[in-house]
Amino acid sequence: MSTRIFVMTHKSCEPTGFSEYTPLQVGAAKNGKIPGYVGDDTGDNISALNKYYGELTGVYWIWKNYHEDDFIGVCHYRRYFTDEENNLLGEGQIEEILKKHSIIVPRPNISFQTNEEGYAESHNINDLYACGRAIGKLCPEYGPYFEENLKSHRSYFANLMITSHEKYDEYCRWLFSIIDEAKDDIDVSGYDPYHKRVYGFLSEQLLTVWVKGSKLLPYECHVGITSEKVETRELKKRLQDLVTRKNYTAARQAYYSAMEKRPDVRLAGSDFNGELGKIECILYIMEQEKLYGQESFAGVSSLLKDLILHYDNITSILKALGEGSATQEMIEYLYSTKTTTIATEVIMRNTAGIQNDVVRQILGMPK
């Protein structure tokens, strides 16, 4: 038995150290080839459509062009199936799992929203309904599982899977036939670049439907995330450069421009430590302080990592003040760093658990 796991990536990535893992550059037809990488732009391919399909252009390339190995898997440059100790699954572990299970999929993402509600909040729900109609036409036996998935709070994410080559081919035939059928009812002409990757987003919903409708026995596996999303790292670097130059207004504009184009950079799986939300507040504080000639945050540091720590310190102190547990050392920190009313108001407004009225009274701030 043999296993091949393709690592979907659009930029060069860290090697795994496992020979069974092969980087596959998606969108290679448009983005310039990465030296030494397999590209999705050879043979029968849809590489040029990557802006609509996302990693599915790689999924398609494997289906149409790769005919070796007994087991086929798909993961991402920063998302891998791992064991409970967060070690990458190797060929032996994968083959042992697939002796007892039909497919390896991620542990389900569980949300307080239904899948229907979640998709409607982030995307055009009519596109998902178009897939439902396509299923009703092409394979109506999957229809009840599609409806069940709409109302479910559980879903497999990120198009990650490992299964037999035979099952992989079955899945691709099923998936791409539905997408092709639904296309006529999906209009992406008004979508921004992020939402234009609609078929990739839809396929995340459809994988769960296929697994259940095909009566497969899944192994729901832990997924380790090895790094922040490339776009998240690049945004932080850009913001750091602007903060260093004290161009806070331009930094805020860059931040909101990035959020419009790629709202996913702020998701928990992209921004590991939840820093971007704090950076958004910090940029506003620094812009306002500069406007009023105070620049308290700027006096602490020009490095975002230091400013995030300062932001966290103030947050902890304000919570302690509201609870009546603040120490003299904490209060002295506020005075020594010349913490402004601007900063205090912004942090209280954006942080749950602070007793704002109590804090305002203690600090002599207007209500």
Side-chain angles (χ1 to χ4, degrees), residues 8 10 26-27 29-30 40-41 44-64 74 105-106 108-109 111 113-161 167-216 260-264 267:
M8 304 294 176
H10 57 285
V26 296
K30 295 286 187 178
D40 67 351
D41 59 341
D44 186 348
N45 74 87
I46 55 172
S47 180
L49 301 177
N50 181 258
K51 65 180 179 180
Y52 305 112
Y53 283 80
E55 65 269 14
L56 290 188
T57 60
V59 172
Y60 182 95
W61 182 90
I62 298 166
W63 172 38
K64 292 295 187 179
V74 172
V105 291
N109 179 49
S111 172
Q113 294 179 307
T114 65
N115 292 326
E116 184 175 27
E117 292 167 341
Y119 198 91
E121 184 176 281
S122 302
H123 308 284
N124 184 348
I125 190 61
N126 292 314
D127 297 341
L128 187 56
Y129 294 156
C131 289
R133 292 191 294 274
I135 287 173
K137 179 177 179 180
L138 299 177
C139 46
E141 66 275 18
Y142 285 84
Y145 300 98
F146 177 82
E147 295 299 325
E148 176 187 321
N149 188 64
L150 287 178
K151 306 306 178 187
S152 175
H153 294 261
R154 303 169 79 254
S155 65
Y156 301 135
F157 65 94
N159 292 311
L160 305 179
M161 62 185 296
K167 283 283 186 291
Y168 182 86
D169 288 349
E170 288 176 10
Y171 170 65
C172 288
R173 282 195 297 272
W174 182 87
L175 174 66
F176 287 103
S177 67
I178 291 168
I179 289 175
D180 287 343
E181 179 66 31
K183 271 184 184 177
D184 291 340
D185 290 335
I186 297 175
D187 180 8
V188 301
S189 60
Y191 290 0
D192 60 36
Y194 174 72
H195 289 94
K196 276 184 178 177
R197 295 186 292 147
V198 59
Y199 303 119
F201 296 129
L202 290 170
S203 66
E204 292 189 70
Q205 299 293 321
L206 295 177
L207 176 58
T208 306
V209 176
W210 181 72
V211 169
K212 290 190 173 183
S214 299
K215 307 297 193 297
L216 302 183
E260 287 182 9
K261 296 175 182 176
R262 293 296 302 267
D264 56 317
L267 296 176

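Heavy-atom basis, side chains included; hydrogens, waters and symmetry copies ignored.
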Practice task
Using only heavy-atom distances, determine whether the side chains of Tyr60 and Asp44 contain a donor-acceptor pair under 3.5 Å.
Solution key: yes

Problem - Selection residues 200-216 - residue pairs positive for salt bridge (charged side-chain N to carboxylate O under 4.0 Å, His left out), sequence neighbours left out - result: Glu148-Lys212

In residues 183-190, what donor-acceptor pairs under 3.5 Å come from side-chain atoms, sequence neighbours left out?
| residue | atom | partner | partner atom | Å |
| --- | --- | --- | --- | --- |
| Lys183 | NZ | Tyr53 | OH | 2.9 |
| Asp187 | OD1 | Ser189 | N | 3.0 |
| Asp187 | OD1 | Ser189 | OG | 2.7 |
| Asp187 | OD2 | Ser189 | OG | 3.3 |

Problem - Side-chain donor/acceptor of His153 to backbone N/O of Ser111, under 3.5 Å - result: yes

Problem - Non-neighbouring partners of Arg262 that pass salt bridge (Lys or Arg N to Asp or Glu O under 4.0 Å), sequence neighbours left out - result: Glu231, Asp264

Practice task
Give a yes or no on whether the backbone of Glu55 and the side-chain of His10 come within a donor-acceptor separation of less than 3.5 Å.
Solution key: no

Listed pairs under 3.5 Å, donor-acceptor, residues 128-140 side chains, sequence neighbours left out:
| residue | atom | partner | partner atom | Å |
| --- | --- | --- | --- | --- |
| Tyr129 | OH | Glu116 | OE2 | 2.5 |
| Lys137 | NZ | Glu181 | OE2 | 3.1 |

Exercise for the section: Look only at the side chain of Asn115 and the backbone of Asn149, and say whether a donor-acceptor pair between them is shorter than 3.5 Å. Expected result: yes

Practice task
Drop me the distance from Thr57's OG1 to Tyr199's OH, to the nearest 0.5 angstrom.
Solution key: 14.0 Å

Problem - Main-chain N/O of Ser155 paired to Asn109 side chain as donor or acceptor, under 3.5 Å - result: no

Handout entry: Contact summary for Ala29 and Asp40, nearest pair of heavy atoms
Key = N-OD1, 4.4 Å

Tabulate below the donor-acceptor pairs under 3.5 Å that side-chain atoms of residues 172-179 make, not counting sequence neighbours, or state none.
| residue | atom | partner | partner atom | Å |
| --- | --- | --- | --- | --- |
| Ser177 | OG | Arg173 | O | 3.1 |
| Ser177 | OG | Trp174 | O | 2.7 |

Exercise for the section: Report yes if some heavy atom in the side chain of Phe201 is under 4.5 Å from a heavy atom in the side chain of Asp127; otherwise report no. Expected result: no

Practice task
Only counting residues at least two apart or in another chain, list the ones meeting salt bridge (Lys or Arg N to Asp or Glu O under 4.0 Å) with Asp41.
Solution key: Lys33

Handout entry: Ser152 (side chain) donor-acceptor with Arg154 (main chain) under 3.5 angstrom
Key = yes

Exercise for the section: Could you pull out the closest heavy-atom pair between Asn159 and Gly200, with the gap in Å? Expected result: ND2-O, 3.4 Å

Completion exercise
Closest non-hydrogen contact found for Ala120 with Ile125 is CB-CB, 3.9 Å

Practice task
Side-chain contact test, heavy atoms from C-beta onward, threshold under 4.5 Å: evaluate it for Asn50 versus Lys30 and give yes or no.
Solution key: no

Handout entry: Side-chain donor-acceptor pair present, Tyr119, Thr114, cut-off under 3.5 Å
Key = no

Handout entry: Ser214 to Tyr142 - nearest heavy-atom pair and separation
Key = OG-OH, 2.7 Å

Exercise for the section: Please assess Leu56 against Val59 for the test side-chain contact (heavy atoms from CB on, under 4.5 Å), listing each intermediate value before the final yes or no. Expected result: CA-CA 5 Å; Leu56 290 188; Val59 172; 4.1 Å; yes

Fill in the blank from the handout: Per ring pair (Phe, Tyr, Trp, His ring centres under 6.0 Å), Trp210 is matched among Phe146, Tyr171, Tyr156, Tyr168 by Tyr171

Practice task
Just do the side-chain contact (heavy atoms from CB on, under 4.5 Å) check on His123 and Tyr194 with the steps written out, would you?
Solution key: CA-CA 10 Å; His123 308 284; Tyr194 174 72; 4.3 Å; yes

Fill in the blank from the handout: Output for pair (Lys64 NZ, Asn45 CG), nearest 0.5 Å, gives 11.5 Å

